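Since the structure comes first, as structure tokens, the remarks are kept for the end.
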Amino acid sequence: MAGYGSRIFFVTVCAVYLLRANAEIKFTIPVGRLFTYELMRETFQNDFEPLSKLYAGHLYDDPMIFKCNLQNFPDLPEWLRFTQRHPYDNGFLYGTPVTPGKSIIEIYAINKRSYETARHTLVIKAVAEKMLPYQAEFFIKLREIEKVLPSSVQDEIKQDLQKLWDTEALEVVNITNALDRGGRVPLPLAGHFEGVYVKVGSEQYFSECLLRALTTEHQKQCRAGSKVKIPGGCNFCSIPSNCISWCKTELFDLSKQASVPPAPTMGPGILESVGDFDPPESPPSRDYFPDYIVTVIVPLIIAIVLCILLAYIMFGRREGVEKRNALTNQIQLYHHHTINENTDELRNMAGSRSVPPPLSTLPMFNSRTGDTAPPLQSDSPTIPLIMAQHDPYSDTLPRK
């Protein structure tokens, strides 16, 4: 039994080692060539499904998101990029190495249904290789980066460019999203795309169709903003979505680049003896008194003048204010005295009621005949001045 248990343990360890070995993927790529690796969701789905479900045929199509980083670092190398549009889409690692070296990329897949995690390791070894001397970059307006990175689409684009270049020895050097070049985010409508830059290279010199993009007439048409087409049957475009924009086509002749200057030679580190050190003369002295007058004295004088003017307004003009206040008080006293006199006069007039009042003020005075009614028996203020039972305009007097 002990030997049987040890064999089971050995088989289990070997299976784990084999699974770990399968999770490590190795690539060797030349410097200056495009590297593309597609992260297939089906590959990681097998890591999430148990063996019982695999044998039973119950498989899931789970949404996944991928996280990629350089081993022991939070980000990817400068030359490598990652893109994934939707959790139900595959991810892509792509880029062009510029220097030889080895990069270990850690790929984490997160299952959005069960929140399980799977880890794969991608080892990329970039080896030195001669740069392609003639390179050209084209802009494809009706494409997005995820739709160009699959190998089948790259072959379609390369076939059109081979006809345009008139050679089959053509290699894809780089593919860049237009948004990474400062392009605008398109509207979320049909027919609007981000755009992709595709750069290819070859050992053969540029064809006549490509050289027409460098002519003065072509560049003038592009600056005018009109739709430009290269004449002479140079528009090789088997698929409309792969057609290039001629105004954004650039050619690079790397064979004419200046040679790199040699590295500087290391000296002994000891300066040559050239005599005694003669330090430079000190700068001439500067008079700061004019600056002091402008920055301190002048503002101080202005502040003092303003303070004196404010003090004169607040305290020197008090006499006029007091005179105005005294005149106002005299007017108020005069009005008060006048009111008192009028009040006394009204009281004296009210006290002399023995004077017979005018006829017009009598209660029963007839304005047409001039007759008056006999005086009332009481001088009560409740008796009305004009009695309602007597018509003042009648010729007869009321009966007693």
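The first residue of the sequence shown is numbered 1, and numbering continues consecutively from there. In what follows, every heavy atom counts, from backbone to side chain, and hydrogens, waters and symmetry copies are set aside. All values reported here derive from a predicted model rather than from experimental measurement.
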Charged N-O contact under 4.0 Å between Glu250 and Arg181: no

Student check: side-chain heavy atoms of Asp253 and Tyr134 closer than 4.5 Å: yes

Mutual orientation of the aromatic rings belonging to Phe139 and Tyr197 [parallel < 30°, tilted 30-60°, perpendicular > 60°]: tilted

Single-linkage hydrophobic cluster, 4.5 Å side-chain cutoff, Leu179 and Phe138 together: no

Heavy-atom neighbours of Glu208 CD exceed 12 at 6.0 Å: no

For the student: nearest non-hydrogen atoms of Trp246 and Ala213, plus distance: CE3-CB, 4.4 Å

Aromatic ring pairing Phe206/Trp165, orientation class (parallel under 30°, perpendicular over 60°, tilted between): tilted

Cluster overlap Ile105 with Val127, hydrophobic side-chain contacts below 4.5 Å: no

pair Tyr334-Thr338: side-chain heavy atoms closer than 4.5 Å: yes

Test log, rule side chain to side chain contact (heavy atoms under 4.5 Å, CB included), inputs Thr43 and His120: CA-CA 10 Å; Thr43 303; His120 286 189; 4.0 Å; yes

Test side chain to side chain contact (heavy atoms under 4.5 Å, CB included) applied to Gln45 and Met64, step by step: CA-CA 9 Å; Gln45 187 71 46; Met64 302 180 192; 3.1 Å; yes

Shortest non-hydrogen contact between Glu106 and Arg119, atoms and distance: OE2-NH2, 3.2 Å

Among Leu93, Asn177, Asp180, side chain to side chain contact (heavy atoms under 4.5 Å, CB included) partner for Arg81: Asp180

Steps toward side chain to side chain donor-acceptor pair (under 3.5 Å) verdict (Glu341, His337): CA-CA 6 Å; Glu341 288 183 353; His337 181 68; 2.5 Å; yes

Within 6.0 angstrom of Glu168 CD, more than 12 heavy atoms from elsewhere: no

Residue pair Thr83, Glu146: steps toward the side chain to side chain donor-acceptor pair (under 3.5 Å) verdict: CA-CA 7 Å; Thr83 181; Glu146 293 85 0; 2.8 Å; yes

For the student: nearest non-hydrogen atoms of Ser241 and Ile140, plus distance: O-CG2, 3.2 Å

Ionic contact status for Asp61 with Arg41, cut-off 4.0 Å: yes

Side-chain heavy atoms of Cys243 within contact of Leu142, under 4.5 Å: no

pair Lys220-Arg223: side-chain heavy atoms closer than 4.5 Å: yes

Test item: Phe66 and Asn90 side chains (from C-beta on) under 4.5 Å apart, heavy atoms: no

Flag if over 12 foreign heavy atoms under 6.0 Å of OH, Tyr292: no

N/O donor-acceptor pair under 3.5 Å between Ser202 side chain and Leu170 backbone: no

Other residues, nucleotides, ligands: >12 heavy atoms within 6.0 Å of Tyr108 OH: yes

Heavy atoms of other groups near Lys147 NZ, more than 12 under 6.0 Å: no

Lys158 and Val200: CA distance, side-chain angles, deciding distance, side chain to side chain contact (heavy atoms under 4.5 Å, CB included) verdict: CA-CA 8 Å; Lys158 187 166 37 172; Val200 297; 5.8 Å; no

Side-chain heavy atoms of Ile157 within contact of Val172, under 4.5 Å: no

Nearest heavy-atom neighbours spanning Leu149 and Gln154: O-NE2, 2.7 Å

Lys199, NZ atom: more than 12 neighbouring heavy atoms under 6.0 Å: yes

pair Pro74-Asn69: side-chain heavy atoms closer than 4.5 Å: no

Nearest-0.5 Å distance that lies between atom OG1 in Thr28 and atom NZ in Lys102: 9.5 Å

Donor-acceptor contact below 3.5 Å, side chain Gln84 vs main chain Asp89: yes

Exercise: identify the closest heavy-atom pair between Pro77 and Leu70: CG-CD1, 4.0 Å

Derivation and outcome, side chain to side chain contact (heavy atoms under 4.5 Å, CB included), residues Ile124 and Tyr37: CA-CA 10 Å; Ile124 305 174; Tyr37 178 71; over 6 Å; no

Greater than 12 external heavy atoms within 6.0 Å of Glu78's CD: no

Where Ile110 and Lys67 come nearest, the two heavy atoms and their spacing: CD1-CG, 4.3 Å

Common cluster, Ile308/Leu306, ILVMFWY with side-chain heavy-atom separation under 4.5 Å: no

Within-4.5 Å side-chain heavy-atom neighbours: Leu164 and Leu210: yes

